There are 2 protein chains.
Amino acid sequence: MKKKFTNLYLENQLCFPLYAASRLTTKLYAPHLKKLDITYPQYLVLLILWEHQTQSVSEIGQQLMLESNTLTPLLKRLEQKEIIQRNRSNKDERTVIISLTKAGENLKEQAAVIPEKIMGSFRDDNISDTEVAAFEKTLLSLVKILKEKSTKNEE
Amino acid sequence: MKKKFTNLYLENQLCFPLYAASRLTTKLYAPHLKKLDITYPQYLVLLILWEHQTQSVSEIGQQLMLESNTLTPLLKRLEQKEIIQRNRSNKDERTVIISLTKAGENLKEQAAVIPEKIMGSFRDDNISDTEVAAFEKTLLSLVKILKEKSTKNEE
DNA sequence: TAAGATTAAATCGTGTACGATGCAAATGTA
DNA sequence: TACATTTGCATCGTACACGATTTAATCTTA
């Protein structure tokens with residue numbers, strides 16, 4: 001006899017392991033980020049700026065899938081720490097251009113060791129780089145699917 | 001010549017796809033949960049209660065990896081909606097026992113269709129159930145690893 | 001070119017997360 | 001049995017997320 005509500009178990013849904021894995025990963029990064037005095041979402045913003053130097057709020061938003069309601073306060077906090085600058089564009093006064101300060105640039109050197117430290121911690125637990133890479137690959141294809149789904153729903 | 005900062009790209013880290021996938025999944029569930037007037041973390045708590053009827057705050061916390069600082073306010077909101085009850089244990093006055101109200105029990109019937117709806121939406125996008133199950137499996141093993149890592153760090 | 005639509009950020013309100021701390025009940029131990 | 005320690009929950013402060021709305025600048029188009 002088939003149980004009626006088996007689907008309603010925590011483990012039997014996609015949502016919970018993602019939720020848990022995301023939070024656990026954030027905690028894995030936290031001690032490293034604390035040394036730079038930044039949070040995890042702030043780190044993600046900086047990853048973009050270290051790669052592109054200058055980006056508008058909405059360009060950052062597209063990459064992180066966040067909107068100004070989340071980004072504006074976050075960016076203001078980074079500005080207060082003097083890690084970034086916020087300037088209105090001359091061409092289009094609506095656009096706010098985010099750029100790194102000298103201090104923000106310098107953080108890149110310190111941050112460069114973080115990915116290696118994370119990978120190293122997996123190696124300590126006998127998880128191979130190959131295995132981690134496989135996780136990454138799986139996750140990226142899942143994100144791709146979910147992203148397509150969500151843009152589809154907006155239409 | 002090897003680039004020095006390649007590791008610092010958004011896509012080259014485990015963290016971002018997890019963060020993104022988790023948020024996108026929450027959004028996938030949101031319209032269904034809105035009909036029940038509950039949030040995603042509230043839904044996770046209810047999954048536990050539908051399975052176990054009665055649980056202490058800390059028992060719920062163990063399963064969701066959350067502590068009272070997050071759960072207490074969340075549970076109070078569920079109490080206000082008259083979906084759950086909060087009662088001090090007789091045996092141990094420190095413990096707060098969470099139980100479902102009649103309304104909370106009844107929500108289970110409405111929630112039962114959600115997992116099926118989610119799976120169906122993947123099928124609509126030509127993602128097979130097998131594929132989704134594979135994601136789930138990968139994620140569960142990742143969570144297992146991350147969980148072990150985090151408990152290890154606490155010692 | 002003036003009125004209406006669109007766009008980019010900002011603002012507001014609600015609900016998590018989470019480190020740190022507080023507090024009372026329960027437990028361990030000399 | 002006193003008293004220190006531990007445990008279970010609550011509280012506080014900070015920082016996201018995100019739906020909804022607002023504001024100002026830009027674009028469209030009649």
Side-chain angles (χ1 to χ4, degrees), chain A residues 15-16 18-31 33-34 37-45 55-62 64-81 83 86-98 150 153-154, chain B residues 15-16 18-31 33-34 37-45 55-62 64-81 83 86-98 150 153-154:
Chain A
C15 58
F16 178 65
L18 272 173
Y19 166 81
S22 174
R23 286 170 41 226
L24 286 168
T25 308
T26 304
K27 285 189 187 170
L28 202 59
Y29 278 75
L33 297 176
K34 194 167 189 180
D37 187 33
I38 55 175
T39 67
Y40 178 76
Q42 289 168 10
Y43 171 67
L44 296 179
V45 168
Q55 294 273 278
S56 70
V57 173
S58 57
E59 281 170 337
I60 293 172
Q62 278 165 34
L64 299 182
M65 298 176 254
L66 290 171
E67 299 187 20
S68 63
N69 51 4
T70 300
L71 283 175
T72 299
L74 187 157
L75 293 169
K76 283 186 179 170
R77 282 186 284 269
L78 282 175
E79 188 185 33
Q80 274 179 1
K81 297 186 201 189
I83 291 173
R86 298 163 66 248
N87 299 104
R88 291 273 165 192
S89 161
N90 292 330
K91 276 194 212 141
D92 185 338
E93 283 287 334
R94 291 171 303 179
T95 305
V96 170
I97 304 291
I98 309 298
S150 78
N153 290 342
E154 278 162 18
Chain B
C15 59
F16 178 64
L18 272 174
Y19 166 81
S22 174
R23 284 171 42 226
L24 287 167
T25 308
T26 303
K27 284 190 187 169
L28 201 59
Y29 277 76
L33 297 176
K34 194 167 189 181
D37 186 34
I38 55 177
T39 67
Y40 179 76
Q42 289 168 10
Y43 172 66
L44 295 180
V45 168
Q55 294 273 277
S56 71
V57 173
S58 57
E59 281 170 337
I60 294 171
Q62 278 165 34
L64 299 182
M65 297 177 254
L66 291 171
E67 300 186 18
S68 64
N69 52 4
T70 301
L71 284 176
T72 298
L74 186 157
L75 292 169
K76 282 185 179 171
R77 283 186 283 269
L78 281 176
E79 188 184 34
Q80 273 179 3
K81 297 187 199 186
I83 291 173
R86 298 164 66 246
N87 299 107
R88 291 273 164 189
S89 161
N90 291 331
K91 276 193 211 145
D92 185 339
E93 281 289 332
R94 291 171 304 179
T95 306
V96 171
I97 305 292
I98 308 298
S150 77
N153 289 342
E154 278 163 17

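Because the structure is a prediction, the values reported are computed rather than measured. By convention in this document, chain letters (A, B, ...) are assigned in the order of the sequence lines, proteins followed by strands, and residues within each chain are numbered from 1.
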Short side-chain N/O contact to [N] OP1/OP2 from [X], under 4.0 Å:
X       : N      : result
A:Tyr19 : C:dA17 : yes
B:Thr39 : C:dT14 : no
B:Arg77 : C:dT14 : no

B:Leu18 backbone acceptor or donor facing B:Ser22 side chain under 3.5 Å: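 Side chain of B:Ser22 to backbone of B:Leu18: no pair is present.
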Touch class at under 4.0 angstrom, heavy-atom based, for A:Glu67 against every strand present: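 The answer is nothing, as A:Glu67 stays clear of every strand by at least 4.0 Å.
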Min side-chain heavy-atom separation A:Thr95-A:Val57 under 4.5 Å: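 No, too far: nothing below the 4.5 Å cut-off.
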Residue pair B:Val96 / B:Asn87, side-chain heavy-atom distance below 4.5 Å: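 Sidechains of B:Asn87 and B:Val96: no contact.
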Reported CD1-to-CG distance for the pair A:Ile83 and A:Leu78, which is rounded to 0.5 angstrom: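 That separation rounds to 5.5 Å.
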Interatomic distance, A:Tyr29 atom OH to A:Thr25 atom OG1 [nearest 0.5 angstrom]: 7.5 Å
side-chain contact (heavy atoms from CB on, under 4.5 Å) involving B:Ser58 - partner list, sequence neighbours excluded: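 Result, side-chain contact (heavy atoms from CB on, under 4.5 Å) vs B:Ser58: B:Ser56.
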Would you mind reading off the distance between [X] atom [atom1] and [N] atom [atom2], rounded to a whole angstrom?
X       : N      : atom1 : atom2 : result
A:Glu93 : D:dT23 : CD    : C1'   : 14 Å
B:Met65 : C:dT16 : CE    : P     : 17 Å
A:Leu78 : D:dC16 : CG    : C1'   : 12 Å
A:Lys34 : D:dT14 : NZ    : C1'   : 13 Å
B:Asn90 : C:dA26 : CG    : C1'   : 15 Å
A:Leu66 : D:dG19 : CG    : P     : 11 Å
A:Leu24 : C:dA17 : CG    : P     : 13 Å
B:Tyr40 : C:dA17 : OH    : C1'   : 14 Å

Where protein sits on nucleotides 2-13 of chain D, one letter per nucleotide: B base, S sugar-phosphate only, - none, heavy atoms under 4.0 Å: -----BSBBBB-
Residues which pass salt bridge (Lys or Arg N to Asp or Glu O under 4.0 Å) with B:Arg88, listed by chain and number, not counting sequence neighbours: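 Per chain and number, B:Arg88 pairs via salt bridge (Lys or Arg N to Asp or Glu O under 4.0 Å) with no residue.
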5' priority, DNA chain D, between B:Ala30 and A:Gln42 [closest heavy atom]: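 Taking each residue's closest nucleotide, the earlier one in sequence belongs to A:Gln42.
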Toward the 5' end of DNA chain D, by each residue's nearest nucleotide, A:Leu74 or A:Lys91: A:Leu74
Inter- and intrachain pairs under side chain to side chain donor-acceptor pair (under 3.5 Å), touching residues 64-80 of chain A, at least two apart: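 Sorted result for residues 64-80 of chain A: A:Glu79-A:Arg86.
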Rounded to 10 degrees, the angle between the two terminal axes of the helix from C:dT1-D:dA30 to C:dA30-D:dT1, each from five pairs: 10°
Set of ring-ring contact (aromatic ring centres under 6.0 Å, His included) partners for B:Tyr19, sequence neighbours left out: A:Tyr40
